[in-house]
Asker: 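To start, I am sharing the structure in question, which I have written as structure tokens.
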Number of protein chains: 2
Amino acid sequence: MAQNDTVTRILDTAEVLFAERGFAETSLRTITSKAKVNLAAVNYHFGSKKSLIQAVFARYLDPFTERFHGALDDLERRYQGQAIPLEELLETMARSVLEVPAERNSLKVFMRLLGLAYSQAQGHLRRYIQQDYGSVFTRFTELIRQATPELPDAERFWRLHFMLGTVIFTLSGLDALRDIAEKDYDEHVTVRDLVRRLRPVVVSAMQAPLPAPPTAREA
Amino acid sequence: MAQNDTVTRILDTAEVLFAERGFAETSLRTITSKAKVNLAAVNYHFGSKKSLIQAVFARYLDPFTERFHGALDDLERRYQGQAIPLEELLETMARSVLEVPAERNSLKVFMRLLGLAYSQAQGHLRRYIQQDYGSVFTRFTELIRQATPELPDAERFWRLHFMLGTVIFTLSGLDALRDIAEKDYDEHVTVRDLVRRLRPVVVSAMQAPLPAPPTAREA
DNA sequence: CCACGTTTGAAACAATTGTTTATAACCAGG
DNA sequence: CCTGGTTATAAACAATTGTTTCAAACGTGG
């Protein structure tokens, strides 16, 4: 199948280049020449560069959200209305993240793309992701809420984003960090190693004591 | 003084635009028109766009590193060779970060720039920062090492970067997150609020139990 | 085999980018 | 005052960008 082949080659090449250099820094000519397709093919098949970017994300996020929803279904069935422990929820999320790129490209690319979606301005991207994939995140946070009833809502909100930062920042900058780590501690880290290290850190962070109330002179 | 005025206006405008949209997405024409200076002024005073980017960083990092070094000097003098407690070190870093932009622009811009330095490819930037400001980071990590002797070196390395991600991600995305937080919990968060919330989270994260050793099937 | 919608191909387009050039304005020191 | 180096200005440059165009090739259903 000719079209599908062209479309796939564009997506495969684009996601790697985007992950390496960002969206604005990756030209369509770079993509199409590396993918060995005609320059006009991108606009023909995707309409625009913006749509290509969204298509790259969709190819990761569609299977991920489906799998994650399924995993949450299992979990809720297993716990029958009781609150699901925090560790279970985090574990489930980690597993869902780890599984998806196995059937696609590398996890590194996936994480790097997520990091870019947050850091690059690209307003259209954040809007697109929020609109199409926000529901699974809402569902997850609600379960987290039930798992951490002792936390005030605002505190939990911020801590979730603290941890989101930890994960995205680390995994999306993995290559650079891995180079340093290997040189200094000659240890070859895999993504799975990192997830293993992340687990106790995230759990402890979420269960940290509440902050002291603001002092008077901070007002 | 004419030159200084032009140079300052360029830097003031550039740092805001860079923080808002990233480096590649901000053209020299946008900067110079908003700053009301001639387009050629950037190349005349800075040489190139790359150098302008570095100059924007230097204007934040120079006073920061000086202040931070000074604060660490005080701390070491006060503790006379004994290990400085982890909380003190983190507190000192937080204070140094909070103080600097007070004499310059907003902390938000500073954090956003730091986030960009990591996320945008811009190889030259990371190299420049590492080369010119790496020493204070090295000094800080060594003190952290003495404060957390129970942590294996590699584990501490990764946890420090976990926390770096937490801080940079949260503070650099502050605007978007603040909007959500205000709408959902009608709470007006300041940067100082966030630092207060971050403190116990970071401490707990650094002191989390060590991860379980990798299981056999993960090899 | 032919006709028709789909896909590819090479070229051109218009807009934008960073940088350079040459000229003018400025502003001190003699 | 005017002269010499510094700064400002407008214009042009060359390169690169995303997108469009239109003709050629393709491939499938009649």
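All values below come from the heavy atoms of this structure, side chains included, with hydrogens, waters and symmetry mates left out. Below, chain A is the first sequence line, B the second, and so on; all start at residue 1.
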Asker: Output the rounded distance in Å from CZ (B/F46) to P (C/dT20).
Answerer: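 It is 16 Å, rounded to the nearest whole Å.
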Asker: Return the value, rounded to whole Å, for the distance between atom CD of B/E25 and atom C1' of C/dG18.
Answerer: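 Those two atoms, CD and C1', are 15 Å apart.
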Asker: Roughly how many Å is it from CD1 in B/I10 to C1' in D/dT7, rounded to a whole number?
Answerer: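 Whole-Å distance recorded here is 11 Å.
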Asker: Quick one: A/N43 CG to C/dA14 P, roughly how many Å, whole number?
Answerer: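 Whole-Å distance recorded here is 17 Å.
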Asker: Base, sugar-phosphate, or nothing for B/A40, non-hydrogen atoms under 4.0 angstrom?
Answerer: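 Base: the residue B/A40, judged by heavy atoms under 4.0 Å, touches a nucleobase.
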Asker: For B/K49, give me all partners under side-chain hydrogen bond (donor to acceptor under 3.5 Å, both in side chains), at least two apart in sequence or on another chain.
Answerer: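 In terms of side-chain hydrogen bond (donor to acceptor under 3.5 Å, both in side chains), with neighbours along the sequence ignored, B/K49 is linked to no residue.
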Asker: Are A/S27 and D/dT16 close enough that a side-chain N or O sits under 4.0 Å from OP1 or OP2?
Answerer: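 The answer is no; no side-chain N or O of A/S27 sits under 4.0 Å from OP1 or OP2.
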Asker: With sequence neighbours left out, what residues match A/Y44 under ring-ring contact (aromatic ring centres under 6.0 Å, His included)?
Answerer: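 If we apply the ring-ring contact (aromatic ring centres under 6.0 Å, His included) test to A/Y44, skipping adjacent residues, there are no hits.
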Asker: Starting from the first five and the last five pairs of the helix from C/dC1-D/dG30 to C/dG30-D/dC1, work out the angle between the resulting helix axes, to 10 degrees.
Answerer: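 For the helix from C/dC1-D/dG30 to C/dG30-D/dC1, the axes at opposite ends meet at about 10°.
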Asker: Are any non-hydrogen side-chain atoms of B/M93 and B/L72 less than 4.5 angstrom apart?
Answerer: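 They are not in side-chain contact.
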Asker: A/Y44 side chain: which of D/dG18, D/dT20, C/dT6 is closest?
Answerer: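 My answer, after comparing the listed nucleotides, is C/dT6.
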Asker: Taking the six-membered ring for Trp, are B/F169 and A/F169 closer than 6.0 Å centroid to centroid?
Answerer: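 No.
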Asker: Quick one: are B/W158 and A/D193 in side-chain contact, heavy atoms under 4.5 Å?
Answerer: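 Answer no - side chains too far apart.
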Asker: Tell me, please, which residues at least two apart from A/A40 pass side-chain contact (heavy atoms from CB on, under 4.5 Å).
Answerer: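 Listed in chain order: A/N38.
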Asker: Tell me, do A/Y128 and A/K50 make a side-chain contact under 4.5 Å, heavy atoms counted?
Answerer: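 With C-beta onward as the side chain, the pair stays apart.
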Asker: Can you find a side chain N or O atom of A/S48 that sits less than 4.0 Å from OP1 or OP2 on D/dG18?
Answerer: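 No, outside the criterion.
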Asker: Just how far, in rounded Å, is P of D/dA15 from NZ of B/K49?
Answerer: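 So the NZ-P distance, B/K49 to D/dA15, works out to 19 Å.
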Asker: Send over the distance from A/L39 CG to C/dC13 P, rounded to a whole Å.
Answerer: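 Distance check: A/L39 CG to C/dC13 P gives 15 Å.
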Asker: Test of understanding: with ring-ring contact (aromatic ring centres under 6.0 Å, His included), list the residues that count as partners of A/F64, not counting sequence neighbours.
Answerer: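 With neighbours one apart ignored, the set is A/F68.
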Asker: To the nearest Å, give me how far apart CZ (B/R9) and C1' (D/dA8) are.
Answerer: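 Result: 12 Å.
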Asker: Considering residues, nucleotides and ligands other than B/E76, do more than 12 of their heavy atoms fall under 6.0 Å from its CD?
Answerer: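 Yes.
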Asker: Between C/dT8, D/dA8, D/dA10, which nucleotide gets closest to the side-chain atoms of B/H45?
Answerer: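 Closest of the options to the side chain of B/H45: D/dA8.
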Asker: Return the residues of residues 28-37 of chain A meeting this criterion: a heavy atom under 4.0 Å from some atom of DNA chain C. Order them by number, or give none.
Answerer: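 DNA chain C contact set from residues 28-37 of chain A: A/R29.
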Asker: Within this structure, what is the CG-to-P distance between B/N38 and D/dA8, rounded to whole angstrom?
Answerer: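 Rounded to the whole Å, the gap is 9 Å.
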